[in-house]
Amino acid sequence: MSSSKDKTVSLRTARVKRAKASVPSVPKPGFPATRARRNRRSPWSRRLVRETSLSVDDLIWPIFLIEGAGMRAPIASMPGVERLSIDLAVEAALEAAALGLPAIALFPYTDVSLRDEEASEALNPANLVCRAVRAIKAEVPDLGIVCDVALDPYTSHGHDGLLIDGEIDNDRSVEVLVAQALAQAEAGCDILAPSDMMDGRVGAIRTALEVHGFSHTQILAYAAKYASAFYAPFRDAVGSGAMLRGDKLSYQMDPANGAEALREVALDIAEGADMVMVKPGLAYLDIVWRVKEAFQMPTFAYQTSGEYAMIAAAAERGWIDRDRVVLESLVAFKRAGADAIFTYFARDAARLLGAKA
Ligand code: PBG
């Protein structure tokens, strides 16, 4: 049956077969050529392929202040966090510096007798927060200090601005906020962090700082700050929760909005913000991502008091592993694009990171 023609064909086929055998065939895409688990198999390999890392350099530790000496006052809704008198806040600052934390943030519990409709204590150059800044700067000059610019620890109605005829008066509030910011800058605060969400306050504060010789003072704008129920334990800590008349919905943002956050951030950058912040944290990581992508500015996020409380409470009950959840939640901020994170776990995280190194 075989003709010479058939023979030629079969020889050619054999040559092609031999060639195929000598070149390894390209695997088909997908499994098993691709096994995603290969890179995860050993600790050294996981370290090599890790995309983000959390470091002590990323953390800012918020500290609550009270009057007195040698005073520590626990906060019921924030187990493990205490308000500290200035002498103990100085000790905490020394500890922060020793742990390598770049900065702390100070929040005062103002004596109720000093709170009024105008927030006049906010302007007192010898108020609790200004005295604390001076004391800490004297002992720990290289530790960054962040101060909130907002009136809520000082007003008898618990609002961040002035309440006039039952409404927040934006422009009069900004005048007071500017004076508060100057008092804090004068005391030696490094970073002013307006958290009030009034319109135009960043520009007004920047102008005043330049005019008064504080051109080095940085502004961290709480640019996209939402009207959040996650702030409740903080309001216990500074004593503004029980005093709050109404809500903050006319100035803090609607949690349903994302594009508006980008507009808020754009405004604050245009007004002179050096850094911008998104707040709260974990529930708003999409906003952190969008802000970082859109503006490429130093972008901070705040793991709020309510987030702290949830983790601390669940850990107290043995429902979650506190240390692991703390590190996991903080690295999530980094993955979303945050450059730094305000967290009440800063000291714990710094210790954990130090122990790991
Ligand atoms: C005050 C201020 C708040 C927080 C930081 N600065 C509370 C609020 O706006 O009501 C929240 C911090 C936290 O919950 O940890 N303007």
Side-chain angles (χ1 to χ4, degrees), residues 27-62 80 95-105 143-144 146 191 220 223-224 230 258 261-262 265 274-304 306-312 314-315 318-357:
K28 285 208 203 77
F31 181 83
T34 302
R35 288 180 184 265
R37 292 178 57 209
R38 277 189 209 112
N39 288 343
R40 294 180 203 138
R41 191 160 162 259
S42 28
W44 60 264
S45 178
R46 290 195 292 273
R47 280 163 54 212
L48 281 176
V49 302
R50 186 161 295 148
E51 297 172 38
T52 43
S53 60
L54 179 69
S55 131
V56 71
D57 295 339
D58 306 322
L59 307 176
I60 296 167
W61 186 22
E95 198 185 347
L99 284 165
L101 292 166
I104 57 172
L143 182 71
V146 185
I191 302 183
L220 164 59
F230 285 108
L262 301 184
V265 170
D274 301 288
M275 307 138 159
V276 294
M277 178 128 80
V278 174
K279 182 176 175 200
L282 227 44
Y284 295 82
L285 291 187
D286 58 324
I287 307 300
V288 173
W289 176 264
R290 288 169 73 176
V291 166
K292 186 66 193 183
E293 288 283 297
F295 301 101
Q296 297 294 311
M297 282 287 285
T299 303
F300 293 10
Y302 203 130
Q303 185 176 47
T304 52
E307 298 170 71
Y308 173 88
M310 291 193 300
I311 294 173
W319 290 347
I320 57 172
D321 179 326
R322 176 175 165 127
D323 292 351
R324 290 184 56 207
V325 170
V326 165
L327 293 179
E328 183 179 334
S329 63
L330 293 174
V331 88
F333 283 92
K334 292 296 303 291
R335 194 189 61 239
D339 296 291
I341 308 142
F342 280 65
T343 174
Y344 301 97
F345 293 116
R347 179 177 44 179
D348 310 68
R351 286 184 187 142
L352 291 168
L353 292 166
K356 243 176 44 175

Q) Take atom CZ in Arg46; do more than 12 heavy atoms of anything else shown fall under 6.0 Å from it? A) yes
Q: May I ask you to check whether over 12 heavy atoms, not counting those of Gln296, lie within 6.0 Å of atom CD?
A: yes
Q) Just how far is it from atom CZ of Arg41 to atom CZ of Arg35, taken to the nearest 0.5 Å? A) 11.5 Å
(Q) Phe300 vs Val146, test: side-chain contact (heavy atoms from CB on, under 4.5 Å). Steps then yes/no. (A) CA-CA 13 Å; Phe300 293 10; Val146 185; over 6 Å; no
Q | Spacing of Glu328 atom CD and Phe333 atom CZ [to the nearest 0.5 Å] | A | 12.0 Å
**Q.** Minimum-distance pair of heavy atoms, taken over all atoms of Pro32 and Arg38
**A.** O-NH2, 3.2 Å
Q. When rounded to the nearest 0.5 angstrom, what is the spacing between NZ in Lys279 and CZ in Phe230?
A. 12.5 Å
Q | For the student: nearest non-hydrogen atoms of Ala261 and Ile287, plus distance | A | CB-CG2, 3.7 Å
**Q.** Approximate separation, where rounding is to 0.5 Å, of Met297 CE and Asp274 CG
**A.** 7.0 Å
Q | Shortest non-hydrogen separation from Ile104 to Ala96 and the atoms involved | A | CG2-CB, 3.9 Å
Q. Checking side-chain contact (heavy atoms from CB on, under 4.5 Å) for the pair Thr299/Val265: CA distance, chi angles, key distance, verdict?
A. CA-CA 10 Å; Thr299 303; Val265 170; over 6 Å; no
Q. Looking at Leu99 and Ala350, what are the two nearest heavy atoms and their distance?
A. CB-CB, 4.0 Å
Q. Please, which pairs that meet side-chain hydrogen bond (donor to acceptor under 3.5 Å, both in side chains) have at least one residue in residues 329-338, sequence neighbours excluded?
A. Asp58-Lys334, Gln303-Ser329
**Q.** Any side-chain heavy-atom pair of Arg40 and Arg37 under 4.5 Å
**A.** yes
Q. Under the side-chain contact (heavy atoms from CB on, under 4.5 Å) criterion, do Phe345 and Leu59 qualify, and how do the steps go?
A. CA-CA 9 Å; Phe345 293 116; Leu59 307 176; over 6 Å; no
Q: Find out whether Asp323 and Asp348 are in side-chain contact, i.e. whether some heavy atom of one side chain is under 4.5 Å from a heavy atom of the other.
A: no
Q: Take Leu327 and Leu353 through the side-chain contact (heavy atoms from CB on, under 4.5 Å) test and state the conclusion after the steps.
A: CA-CA 9 Å; Leu327 293 179; Leu353 292 166; 4.2 Å; yes
(Q) Distance check, rounded to the nearest 0.5 Å: Thr343 atom OG1 versus Tyr308 atom OH? (A) 9.0 Å
(Q) With rounding to the nearest 0.5 angstrom, report the CG to CD1 distance, Leu282 to Ile311. (A) 7.0 Å
Q | Minimum heavy-atom distance Asn39-Ser45, with the two atoms named | A | O-OG, 2.8 Å
Q.
Looking at every non-hydrogen atom in both residues, tell me the closest pair between Lys28 and Ala33 and how far apart they are.
A. O-CB, 3.9 Å
